[in-house]
Amino acid sequence: MPAIKFPDGQVKKYKNGTKPSDILEEIGGRLKKQSVAARVNGRLIDLSGILDQDGEIQFIDINSPEGLDIYWHSSAHIMAHAIKKIFPNAKFAFGPPVEQGFYYDVDVERSLTPEDLVKIEEVMQEIITKDEPFVREELSVEEALVLFKDLNETYKVEQIERLGEPPSIYREGSFVDLCRGPHLPSTGYVKYFKLLSIAGAYWLGDEKNPMLQRVYGISFPKKSQLDEYIQRIEEAKKRDHRKLGRELDLYSINDDIGPGLVLWHPKGAYIRHKIEEHWRNEHLKSGYEFVTTPHIARKELWNKSGHLDFFTENMFSEMDVDEQPYLVKPMNCPFHLQIYKTSTKSYRDLPIRWAELGTVYRYERSGVLHGLMRVRGFTQDDAHIFCRQDQLDDEVSRVIGFCLNMLKSFGFEDVDIYLSTRPENYVGTIENWDRATEALKLGLEKASLNYQVDPGEGVFYGPKIDIKIKDVLGRSWQCSTIQVDFNEPERFDITYVGQDGDKHRPIMLHRALMGSLERFFGVLIEHYAGAFPLWLAPVQVHVMPITDKQRDFALTIHQELIRSDIRSYIDDRSEKVGFKIRDAETKKTPYMLIIGQKEVENNMVSVRKHREGDKGSVQLTDFIEQLKKEIAEKV
RNA sequence: GCCACCAUAGCUCAGUAGGUAGAGCACCUCACUUGUAAUGAGGCUGUCGCGGGUUCGAUUCCUGCUGGUGGCUCCA
């Protein structure tokens, strides 16, 4: 007689063999309708699972994150079932739920087409209409191997062998799949779904393995949720930085120049200029000094730094300079190290913080290039900090705080933070790694930040903190990074003279706050949907006379704005004011000044704000004051 | 790099069952002199991504390449 404790603290005894679904039957109502699985003693189980011991139960709501995961997971099974019906020889790999929906990796004899997706959707609907229950079975390894070998499911067989423990399977009608579960009670629970795309994916994520076809889909209990999802994707596409970059004339990438090489147009370059200006000011305030280094260096430098050992596949091929091989820089660090070495450093000199907007070039495989987010030539807002062991904690803390502040000034408050720890291949001692990792961790905790640990994801030369920002379609892009380096100080043999008169090895931190200006600009465009805050807007004010009669007055206003350091543009075309407003609105100019006869007579300006509309008339001096305030506050 | 898809005017797109192409916006000119998201009329705009093949003839069919898109792998 298991005693089951409910979330409200109530404890009830049930007879042996009771299932969560029995309890739901008894409770009924909304809970029964909305629950798709149960968590018993922390473990998720099917509603048809057996409660055989005492424990705490909690029902999983269909619309909770876990509920949707189960929903999508079961949807993936239904999709696989449908594919199996259409392609009896299809073999299946993995089909998990993801952040937005689900996918299944399949091995089908021919390439799937969009028409196939339509067909698969139809068959899925049939399976759903049949409302077959998902039935769990637990098998021994041997039984499972026999079953899946019979089905010629080679990937499943491989997976069973890899697991090495008795697996569970789920049957649903004639379809059987290796799966941990839990699942929805039956296929009929899946109401509204859509298959979204087909892509290639390597078996087990290894590019040496064969490529499977990955079919992505999404499903929801309610039609409105599916509609909203599709609409959200459509809306997101409108603020894609590649679309806005073209529409707002910010940048372009040109085939004649080469893929992954960015042309910053005047408006984009202006925004970049403001970003850099802000960046420089903040760095000076934070105790950094600037350095500037060349774009190429002798091959030998890259040999010394280790880049030729671990980074060659990302470096552009060498060039010949007076019969000496040179390489274009993929990183700035070796240069900074060479500056360090030009003089003997005392412990009193540390910490040294050297920053550079350093433009680097990396060969990125063609398939990975993506607008401004992933390019082949980019400018890092790089800095290297050389410090003593006793300064490490403090430096890490400072960088974290500095970094978050920098992101905040561009409106990024919601970011994902990762701590990447020691990978399999590493240089340096375990003690050093542990100490450095501890320092990074301490820094994060002192700032009371939420972060995830990425075990083994550190660079071979040291642990790191990464901050990622999501683009408009929910794809994560790494921007900020703070890395400890045990490799290069060693290779370049940099030292400082300690209080004891001996030479010591300083600790080196690499850090980039925005990461690269290109990527950062990309996420920034999407973040603001192209409507940049006043301080960044390339054109801050559109001045528009209503008729030619007000042109002279409008011109004096435009000139006054320019004199006051406001970026003004005068639209004196002989067009209706509605036309000019539309134009300025489309260009997302923050402010419009409309100048008609009334304004001329009263010596006023009529203010209109982007997306907000008419703000009424004010004195020009007041308007300028207001703008200056807004610019200073960077809102 | 791998899998799939795509490439027509500056942009968004239509089109040709194979006979060298069109619309809207943008741009230019003229008229209108206008009050908070599109005034009207006229004009300009193309190696139909590049190369090869099939064909009397290719933007259209086949093929190679280049570039892009969505993923995978890899990374700021």
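Labels below follow one simple rule: chain letters A, B, ... track the order of the sequence lines, proteins then strands, and each chain is numbered from 1.
- Between A:F532 and A:F521, the ring planes lie parallel to each other; the angle is under 30°, not in the 30° to 60° tilted range.
- At the heavy-atom level, A:F521 lies nowhere under 4.0 Å from the strands shown.
- Using a 4.0 Å cut-off, no side-chain N or O of A:R573 falls inside it from OP1 or OP2 of B:rU39.
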Would you list the protein and nucleotides 45-52 of chain B atom pairs, both N or O, that sit under 3.5 Å from each other?
none

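- At the heavy-atom level, A:R365 lies under 4.0 Å from base atoms of the strands shown.
- Each of A:R214 and A:S516 was matched to the nucleotide of RNA chain B holding its nearest heavy atom; the match closer to the 5' end belongs to A:R214.
- Within the nucleic acid shown, A:G205 comes within 4.0 Å of sugar-phosphate atoms alone, with no base atom in reach, counting heavy atoms only.
- Nucleotide B:rA21 has no partner under the Watson-Crick or G-U criteria, as no pair reaches both atom distances under 3.5 Å.
- For the C1' atoms, the distance from B:rC28 to B:rG49 is 28 Å, rounded to whole Å.
- Rounding to whole angstrom units, CE of residue A:M373 and C1' of B:rG68 are separated by 16 Å.
- Between the side chains of A:S286 and A:R353, no donor-acceptor pair is found at a separation under 3.5 Å.
- Distance A:N314 CG to B:rU73 C1': 12 Å, rounded to the nearest Å.
- The side chain of A:Y202 approaches B:rC72 more closely than any other nucleotide in the set B:rG68, B:rC72, B:rG70.
- Between the C1' atom of B:rC74 and the CZ atom of A:R374 lies a distance of 6 Å, rounded to the nearest Å.
- With C1' as the reference atom, B:rU63 and B:rU29 are 47 Å apart, rounded to whole Å.
- Applying the 4.0 Å criterion to OP1 and OP2 of B:rU33, one finds that A:S574 has every side-chain N and O outside that range.
- A donor-acceptor contact under 3.5 Å is formed by the side chain of A:E599 with the base of B:rG35.
- Although no hydrogens or angles enter the test, the distance criterion places no donor-acceptor pair under 3.5 Å between the side chain of A:R519 and the main chain of A:C479.
- Side chains of A:K598 and A:S606: a donor-acceptor N/O pair is absent below 3.5 angstrom, by distance only.
- No engagement by A:S480 is indicated, since no non-hydrogen atom pair under 4.0 Å with the nucleic acid exists.
- Of the N and O atoms on the side chains of A:S252 and A:H265, at least one donor lies less than 3.5 Å from an acceptor on the other residue.
- Atom P of B:rC5 sits at a distance of 22 Å from the matching atom of B:rU12, rounded to the whole Å.
- Between A:Y363 and the phosphate of B:rG1, there is a side-chain N or O to OP1/OP2 separation shorter than 4.0 Å.
- The structure places OH of A:Y103 at 6.5 Å from OH of A:Y216, a figure rounded to the nearest 0.5 Å.
- For A:W477 and B:rA76, the ring-to-base geometry does not satisfy the stacking test (centroid distance below 5.5 Å, interplanar angle below 30°).
- For A:D255 and B:rU66, a side-chain-to-base donor-acceptor distance below 3.5 Å is absent, hydrogens and geometry of angles not being considered.
- Residue A:Q478 places at least one side-chain N or O closer than 4.0 Å to OP1 or OP2 of B:rA76.
- Within the 4.0 Å cut-off from OP1 or OP2 of B:rA76, at least one side-chain nitrogen or oxygen of A:Q483 is found.
- Within 4.0 Å of A:R362, counting heavy atoms only, lies at least one base atom of the nucleic acid.
- Atom-to-atom, NZ of A:K243 to C1' of B:rC13 comes out at 12 Å; the value is rounded to the nearest Å.
- Within the nucleic acid shown, A:R246 comes within 4.0 Å of sugar-phosphate atoms alone, with no base atom in reach, counting heavy atoms only.
- A:G596 comes within 4.0 angstrom of a base, heavy atoms only.
- Of the candidates A:F311, A:F316, A:F310, A:F335, A:F335 is the only one forming a ring-ring contact (aromatic ring centres under 6.0 Å, His included) with A:W302.
- Among B:rU39, B:rU36, B:rC72, the nucleotide with an atom closest to any side-chain atom of A:V368 is B:rC72.
- The partner of B:rC5 is B:rG68, by the rule that a Watson-Crick or G-U pair needs both atom distances under 3.5 Å.
- Only the P atoms considered, B:rA38 is 14 Å distant from B:rC25, to the nearest whole Å.
- Rounded to whole Å, the C1' atom of B:rU60 lies 11 Å from the corresponding atom of B:rG19.
- Per the geometry, CD1 belonging to A:I465 stands 14 Å off P belonging to B:rA76, to the nearest Å.
- Distances shown here put a side-chain N or O of A:R475 below 4.0 Å from the OP1 or OP2 atom of B:rG71.
- Within the nucleic acid shown, A:E575 comes within 4.0 Å of at least one base atom, counting heavy atoms only.
- Relative to the six-membered ring of A:Y418, A:K468 meets both conditions, a distance below 6.0 Å and an angle of at most 45° to the axis.
- Side chains of A:W433 and A:P423 form a contact here, defined as non-hydrogen atoms less than 4.5 Å apart.
- For A:E599 (side chain) and A:G596 (main-chain N/O), a donor-acceptor pair under 3.5 Å exists by modelled atom type.
- The shortest distance between the side-chain N/O atoms of A:H370 and the OP1/OP2 oxygens of B:rG70 is below 4.0 Å.
- As judged by a 4.0 angstrom heavy-atom cut-off over every strand, A:S111 is placed among residues touching the sugar-phosphate backbone only.
- Look at the P atom in both B:rC50 and B:rG67: the space between them is 15 Å, to the nearest Å.
- Pairing for B:rA26 is absent, with no Watson-Crick or G-U wobble pair whose two atom distances lie under 3.5 Å.
- No engagement by A:E518 is indicated, since no non-hydrogen atom pair under 4.0 Å with the nucleic acid exists.
- Between the base of B:rA26 and the side chain of A:E247 there is no donor-acceptor pair shorter than 3.5 Å.
- One interatomic measurement links the two molecules: CG of A:D116 to C1' of B:rC5, which rounds to 13 Å at whole-angstrom precision.
- Look at CG on A:D614: it is 6 Å from C1' on B:rU36, rounded to the nearest Å.
- At the heavy-atom level, A:Q597 lies under 4.0 Å from base atoms of the strands shown.
- Straight-line distance between the P atoms of B:rG22 and B:rA17: roughly 15 Å, to the nearest whole Å.
- In this structure, the nucleotide among B:rC75, B:rU39, B:rG1 sitting nearest to the side chain of A:K576 is B:rU39.
- Nucleotides of RNA chain B nearest to A:A201 and A:Q550 differ in position, and the one nearer the 5' end is that of A:Q550.
- Searching all strands for a Watson-Crick or G-U wobble partner of B:rU34 with both distances below 3.5 Å returns nothing.
- Within the 4.0 angstrom heavy-atom criterion, no nucleotide atom of any strand lies near A:Q213.
- Contact annotation for A:Y216: backbone-only contact, meaning every heavy-atom pair under 4.0 Å involves sugar-phosphate atoms and none involves a base.
- You'll find that the side chain of A:M211 is closest to B:rC2, out of B:rC2, B:rU34, B:rG70.
- In summary, A:R239 and A:E235 do not engage in a salt bridge, as defined by a charged side-chain N under 4.0 Å from a carboxylate O.
- Whole-Å rounding puts the A:H241 NE2 to B:rG68 P distance at 12 Å.
- One side chain, A:Y461 or A:Q483, offers a donor N or O that lies under 3.5 Å from an acceptor on the other.
- Across all strands, A:K549 comes closer than 4.0 Å only to sugar-phosphate atoms, never to a base (heavy-atom distances).
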